[in-house]
Amino acid sequence: MIALVDCNNFYASCERVFSPSLKNKPVVVLSNNDGCVIARSNEAKELGVEMGTPAFMLADKFEKEKIYVFSSNYTLYGSLSNRVMKTLSSFTPDIEVYSIDEAFLDFTRMVDKNLFTYGVQIKKTVQQYVGIPVSIGIAPTKTLAKMANRFAKKKCKNIGVYMVESSTEIAELLAATEIGDVWGIGSQHKRKLLLNGIRTAADFIQMNPEWVRKNLTVVGQRLLNELKGVPSITWETAPPPKKVICTSRSFGQLLCNKEDIANAVANYANKCAVKLRKQRSCANIVHVFIQTNTHRTQDKQYYRSINIQLPVASNSSNEIICYTLKGLSKIYRSGYNYKKAGVIVMDIVPEKQVQFGLFDTFNRSRDKKLMESFDQINTNYGSDLVRFAAQGYNKRWKLKQERLSPCYTTRLKDVYVIRN
DNA sequence: TCTGGGGTCCTAGGACCC
DNA sequence: TCTGGGGTCCTAGGACCC
């Protein structure tokens with residue numbers, strides 16, 4: 001049996017942990033640049049705030065309904081996520097952290113244990129230790145556990161735990177789940193399946209596997225097995241190394257100056273390099289892109305990207321920034337209002353398997369030592385203390401974050417002081 | 001004024017090789 | 001009329017997830 005533990009309205013719940021006055025109040029969290037809604041408390045959902053709606057369209061509603069609105073504070077959410085995962089790990093070593101707010105727990109080794117009661121205990125403990133409410137679904141496969149989790153959230157809010165084991169229980173769950181609500185069925189597949197008369201998950205498992213394979217690829221076939229109770233999605237104990245690493249952002253305002261964009265992409269390039277070093281990999285290709293705001297129909301539109309092949313795979317901030325800026329020079333055209341840019345490093349290989357170049361003139365051993373010190377200082381004393389000149393100091397490209405909450409758990413000056 | 005960011009997997013089709 | 005067969009690699013694009 002597998003459990004899926006999912007934090008309820010995670011970002012909104014995080015904002016509440018250190019602001020108890022927000023309890024039972026509608027809370028909304030916005031995406032980067034305070035763009036659109038990405039998390040809502042139950043109260044906000046009840047007021048009709050939809051996921052993904054641009055914030056400017058809701059400004060009146062926020063005010064009228066007294067909704068508490070926050071910019072996203074990923075430092076806080078990441079920190080609380082770690083606490084949740086650590087708490088979950090104390091219940092079983094077989095844990096797969098699936099996303100910032102979800103984890104699968106493998107209960108196969110828990111023989112002679114009442115798993116439902118165990119689930120209730122897990123939920124209570126996370127609430128007590130971290131202050132985050134979770135829902136738990138328990139079932140024979142990951143996909144069924146996801147489905148049971150939805151049920152726990154919707155149908156048994158009070159307990160927050162739902163378990164299916166017997167074939168009757170599974171059949172009930174399948175029949176009660178609409179096809180579009182199945183994990184792995186997005187809007188396109190939903191449309192296709194509805195056209196073929198498939199309304200629920202129960203209808204889906206009656207389908208001819210060959211038809212599924214042809215129309216929904218092997219991914220659909222895997223899904224079919226999972227719903228039939230045959231585990232077909234692999235268990236990832238440790239996160240596999242990333243094959244692509246991307247850092248991209250919309251700017252806080254439109255930019256038309258090449259210098260500003262160069263500052264931005266240099267910062268993104270550095271972030272990519274830091275992520276590469278963290279997973280002990282190097283990239284062979286640096287991809288840079290810039291684009292205008294597609295929503296502004298009055299503006300001339302421009303999108304361009306470029307791939308740059310590195311002579312030797314690298315994870316040096318120094319080198320990656322340098323090639324990124326070369327790429328930018330090739331694709332940048334003046335006379336446009338730019339909204340977004342990004343750097344993607346690709347063709348990633350383990351650090352120890354880098355093919356050295358015969359004509360390489362870059363002093364790699366020296367640079368490696370420099371990067372080690374760079375990371376050490378930034379890890380210990382703040383992530384942007386040591387910087388490259390190309391990263392600049394002007395903040396014109398920076399995110400708009402007008403409603404940011406404090407970093408209660410990660411910044412000393414934001415930690416609450418308790419007076420006696 | 002204002003519309004997120006970061007990933008993965010799969011397939012089709014073209015280029016190229018013998 | 002008729003135009004090999006089998007393979008690899010790469011890219012673009014679609015679909016999905018949180």
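- The phosphate of B/dT11 (OP1 or OP2) has a side-chain N or O of A/Arg213 nearer than 4.0 angstrom.
- Between the side chains of A/Asn9 and A/Ser41, no donor-acceptor pair of N or O atoms lies under 3.5 Å.
- Comparing C/dC16, B/dT8, B/dG4 against the side chain of A/Lys242 picks out B/dT8 as the nearest.
- Computed from coordinates, the A/Asn267 CG to B/dG5 P distance equals 15 Å when rounded to whole Å.
- We find the CG-CG distance between A/Leu404 and A/Leu30 to be 11.0 Å, quoted to the nearest 0.5 Å.
- When each of A/Asn33 and A/Pro240 is assigned the nucleotide of DNA chain B with its nearest heavy atom, A/Asn33 is the one assigned upstream, toward the 5' end.
- Between A/Pro239 and A/Gln279 there is no side-chain heavy-atom pair separated by less than 4.5 Å.
- The side chain of A/Lys340 approaches B/dG5 more closely than any other nucleotide in the set B/dG7, C/dA15, B/dG5.
- Minimum atom distance to the side chain of A/Trp183 is reached by C/dC18, of the listed B/dG5, C/dC18, B/dT8.
- Candidate nucleotides B/dC2, B/dG4, B/dT11 were compared by shortest atom distance to the side chain of A/Thr217, and B/dT11 ranks first.
- Between A/Tyr11 and A/Phe70, the distance separating the two ring centers is not shorter than 6.0 angstrom.
- When distances run from any side-chain atom of A/Ser31 to the nucleotides B/dC10, B/dT8, B/dG4, the shortest one goes to B/dG4.
- Using a 4.0 Å cut-off between charged nitrogen and carboxylate oxygen, A/Lys146 and A/Glu102 count as a salt-bridge pair.
- Comparing A/Arg296 and A/Val218 against DNA chain B, the residue whose closest nucleotide sits nearer the 5' end is A/Arg296.
- Counting only heavy atoms from C-beta on, A/Lys339 has its side chain closest to B/dT3 among B/dT3, B/dG4, B/dC10.
- Of the candidates C/dC18, B/dG6, B/dG4, B/dG6 carries the atom nearest the A/Thr247 side chain, counting heavy atoms from C-beta on.
- The nucleotide whose nearest atom lies closest to any side-chain atom of A/Cys36 is, among B/dG6, B/dG4, B/dT8, B/dG4.
- For A/Tyr98, taking side-chain heavy atoms from C-beta onward, the closest of the listed nucleotides C/dC17, B/dG4, B/dC2 is C/dC17.
- In this structure, A/Ala3 and A/Ala145 approach most closely via the heavy-atom pair C-CB, 4.4 Å.
- A/Lys214 comes within 4.0 angstrom of nothing in the nucleic acid, heavy atoms only.
- Atom CD of A/Gln401 is separated from atom P of B/dG5 by 11 Å (rounded to the nearest Å).
- We find that NE2 of A/His189 is positioned 13 Å from P of C/dG14, with the value rounded to whole Å.
- Residue contacts for A/Asp101: at a heavy-atom cut-off of 4.0 Å it reaches the sugar-phosphate backbone alone, with no base atom in range.
- The closest side-chain donor-acceptor pair between A/Asn33 and A/Ser250, if any, does not fall under 3.5 angstrom.
- Remark: A/Ser187 is not in phosphate contact with C/dA15, judged by side-chain N or O atoms under 4.0 Å from OP1 or OP2.
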Can you give the dot-bracket line for DNA chain C, using ( ) for pairs inside the strand, [ ] for pairs that cross earlier ones, | for pairs with another strand and . for unpaired bases, where Watson-Crick and G-U count if both distances are under 3.5 Å?
....||||||||||||||
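- Between the NE2 atom of A/His295 and the C1' atom of B/dC2 there is a distance of 11 Å, given to the nearest Å.
- A/Tyr268 and A/Phe289 have their aromatic ring centers separated by at least 6.0 angstrom.
- An OP1 or OP2 oxygen of B/dG4 is reached within less than 4.0 angstrom by no side-chain nitrogen or oxygen of A/Lys400.
- Side chains of A/Lys157 and A/Asn42: a donor-acceptor N/O pair is absent below 3.5 angstrom, by distance only.
- Taking atom NZ of A/Lys192 as the reference point, atom P of B/dC10 lies 16 Å away to the nearest angstrom.
- Contact annotation: A/Ser99 side-chain N/O to C/dC17 OP1/OP2 distance is not under 4.0 Å.
- Rounded to a whole Å, the CZ atom of A/Arg150 is 12 Å from the P atom of C/dC17.
- Rounded to a whole angstrom, the distance from the P atom of C/dT3 to that of B/dC17 is 24 Å.
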